[in-house]
K.L.:
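Before anything else, here's the structure in question.
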Amino acid sequence: MWLRKIPLFVILTGIGALAMLMPAAHATSQNDFVTARSFFYTMILVLMVTVLLGLATFGRSPRHPAAGQLVTLVATLAILPAMLAVPFYAQMPFGSFNDAWFEMVSSITTTGFTVFDRPRLLPMSLHLWRAEVAWMGGFLMWVSAFAVFSPMNLGGFEVRARGNSAAVQGRAQVSRLTDPNERMLHYAAKLGPIYLGLTALLWLGLIMVGQAPVVGLIHAMSTVSTSGISPYNSLSAAPGGFKAEALILIFMVFAISRLTFSRGLFSDDPRNPLRDPEVQMAGLILILIPGLLFLRHFLSSFETTVGASFTGALHAVWGALFTVVSFLTTTGFEAGAWRESAAWSGLQTPGILLMALALIGGGIATTAGGIKLLRVYALVRHGEREIGRLIHPSSLGGS
């Protein structure tokens, strides 16, 4: 009950401070006591600030709770990374504090972009911290989609309503009658075990296929959060090979649609996930794009010295499928066979294709934080309706 009387930003600051225990413990296990002290001392400092902020703001309620939640999310993605960047900056081999802040913003927004082109220069504890911040950021956006955006009918839920006034009114009523902090805590407790369970399951699977525990944990957290963070230059350089990629591919599917893991949270959810517009749109893309890429490589392979082969064809299919799914879910991992298929055919895949997949990828209320799949689906249906009106100008259409 007392957590509901503390502003959400203060709660998130305390969680961010406690999260520093993981890289501190890992650095201690590697006898890197300098890095461990940086995280531990920063944790104590941030916890002290959190306690003071909590005492100063306890029991205060904003005049506009809904707008306050949106402001809190913006502050979390802009101000909180400055606190999280302090231990990272202390152990960076080079660069400024702006670089460290940029890394933390990139992580907490699950973007995964980094200014370090040589990851091996960073201690493994810093890579673990980047992945952990991204993992927490993905969970925050996931919970916020249900607790903040859905009651306000934003973030793609306005498209899903499709004229369903009962669903819209019900969400608006929830927004007026329930406290925002209470909704956040409720959905965090409800979705937390699912998020943690998926991450733990993938982590164990990656360890079983040969990845080191810390490397497997980084890849598991970055896959579930769709940040694509890795301590290697590419996923193909990590141990595990095809088996690790196959496991990661399975868990990347959860970023296509929320119905793959949180079905039944809303009354307007379709009973069959295959009838979901996002799933249908993603299925069409995953059939069309890898098929065209394979056909392009296959036809060009006859003109190379390597020539067409069954093994090369399998590599081309797998490389195209994995990479397309990765960019469609905004994860950004690249399959090891992706470059092999290019060498097999002698052709390079245009980067604009992967950029387009990242632009339209991501499902509503997923860690990808995207609503583009549904909007593209809406545009397709709208175009279909307009073509129908050319044939039957006096026809009437639904929402």
Side-chain angles (χ1 to χ4, degrees), residues 106 109-114 134 138 141-142 145 155-156 159 219 222-230 233-236 244-261 273-274 276-298 300 315-342 344-345 347-383:
S106 176
T109 57
T110 71
T111 306
F113 188 78
T114 178
M141 296 308 299
W142 189 27
V159 184
H219 286 156
S222 60
T223 299
V224 176
S225 65
T226 68
S227 60
I229 293 174
S230 175
N233 288 324
S234 63
L235 184 63
S236 58
E245 292 178 358
L247 284 172
I248 290 174
L249 176 65
I250 295 173
F251 284 83
M252 283 193 299
V253 175
F254 292 105
I256 291 178
S257 173
R258 61 187 170 87
L259 297 181
T260 56
F261 52 82
L274 296 179
D276 180 61
E278 292 176 319
V279 175
Q280 294 176 358
M281 197 68 194
L284 179 63
I285 293 174
L286 294 181
I287 293 175
L288 184 62
I289 301 300
L292 292 176
L293 287 175
F294 169 74
L295 184 62
R296 179 174 181 266
H297 288 299
F298 179 74
S300 300
H315 285 178
V317 170
W318 174 253
L321 178 62
F322 180 90
T323 307
V324 166
V325 173
S326 178
F327 277 81
L328 187 63
T329 58
T330 71
T331 305
F333 283 137
E334 180 184 298
W338 179 256
R339 298 183 182 180
E340 293 181 17
S341 61
W344 173 56
S345 63
L347 292 177
Q348 296 293 330
T349 301
I352 191 69
L353 176 63
L354 301 180
M355 185 189 302
L357 290 172
L359 285 174
I360 67 174
I364 293 174
T366 64
T367 54
I371 55 177
K372 283 85 68 178
L373 274 175
L374 186 62
R375 296 195 183 282
V376 173
Y377 176 85
L379 288 174
V380 171
R381 295 305 301 269
H382 177 67

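Numbering starts at 1 and runs along the sequence shown.
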K.L.:
Is there a side-chain contact (heavy atoms from CB on, under 4.5 Å) between Gln280 and Leu284 once you walk through the steps?
P.N.:
CA-CA 6 Å; Gln280 294 176 358; Leu284 179 63; over 6 Å; no
K.L.:
Using side-chain contact (heavy atoms from CB on, under 4.5 Å), reason through Ile285 and Ile360 one step at a time and then give a plain yes or no.
P.N.:
CA-CA 10 Å; Ile285 293 174; Ile360 67 174; 3.5 Å; yes
K.L.:
Is there a side-chain contact (heavy atoms from CB on, under 4.5 Å) between Leu293 and Leu353? Walk through the geometry before answering.
P.N.:
CA-CA 10 Å; Leu293 287 175; Leu353 176 63; 3.6 Å; yes
K.L.:
Distance from Ile248 atom CD1 to Leu235 atom CG, nearest 0.5 Å?
P.N.:
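Interatomic distance, Ile248 CD1 to Leu235 CG, rounded to 0.5 Å: 4.5 Å.
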K.L.:
Work out which heavy atom in Ser106 is nearest to a heavy atom in Thr109; give both atom names and the distance.
P.N.:
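Nearest pair, atom of Ser106 first, then Thr109: O-OG1, 3.4 Å.
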K.L.:
Within the structure provided, determine whether Phe333 and Glu245 are in side-chain contact (heavy-atom separation under 4.5 Å).
P.N.:
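Counting from C-beta outward, Phe333 and Glu245 never come under 4.5 Å.
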K.L.:
Is it true that a side-chain atom of Thr323 and a backbone atom of Gly319 form a donor plus acceptor pair closer than 3.5 Å?
P.N.:
yes
K.L.:
Using every non-hydrogen atom in the two residues, find where Thr226 and Ala255 come nearest and quote the distance to one decimal.
P.N.:
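Shortest heavy-atom separation between Thr226 and Ala255 comes out as CG2-CB, 3.6 Å.
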K.L.:
When you measure from the side chain of Thr331 to the backbone of Ser227, do you find a donor-acceptor pair of N or O atoms at a distance under 3.5 Å?
P.N.:
no
K.L.:
Can you tell me how far apart OG1 (Thr223) and CD1 (Ile250) are? Round to the nearest 0.5 Å.
P.N.:
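With rounding to 0.5 Å, OG1 (Thr223) is 11.5 Å from CD1 (Ile250).
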K.L.:
Which heavy atom of Ala358 sits nearest to which heavy atom of Thr330, and what is that distance?
P.N.:
O-CG2, 3.8 Å
K.L.:
Determine whether Ile289 and Phe327 satisfy the following criterion, side-chain contact (heavy atoms from CB on, under 4.5 Å), listing intermediate values before the conclusion.
P.N.:
CA-CA 12 Å; Ile289 301 300; Phe327 277 81; over 6 Å; no
K.L.:
Tell me the closest heavy-atom pair linking Met252 and Thr329, and the distance in Å.
P.N.:
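Minimum heavy-atom separation between Met252 and Thr329: O-CG2, 3.2 Å.
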K.L.:
Using only atom types and a distance under 3.5 Å, with no angle test, would you say the side chain of Ser225 pairs donor to acceptor with the backbone of Thr110?
P.N.:
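No: the side chain of Ser225 does not pair with the backbone of Thr110.
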K.L.:
Are any of the side-chain heavy atoms of Leu354 and Glu334 separated by less than 4.5 Å?
P.N.:
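Contact flag for Leu354/Glu334 side chains = no.
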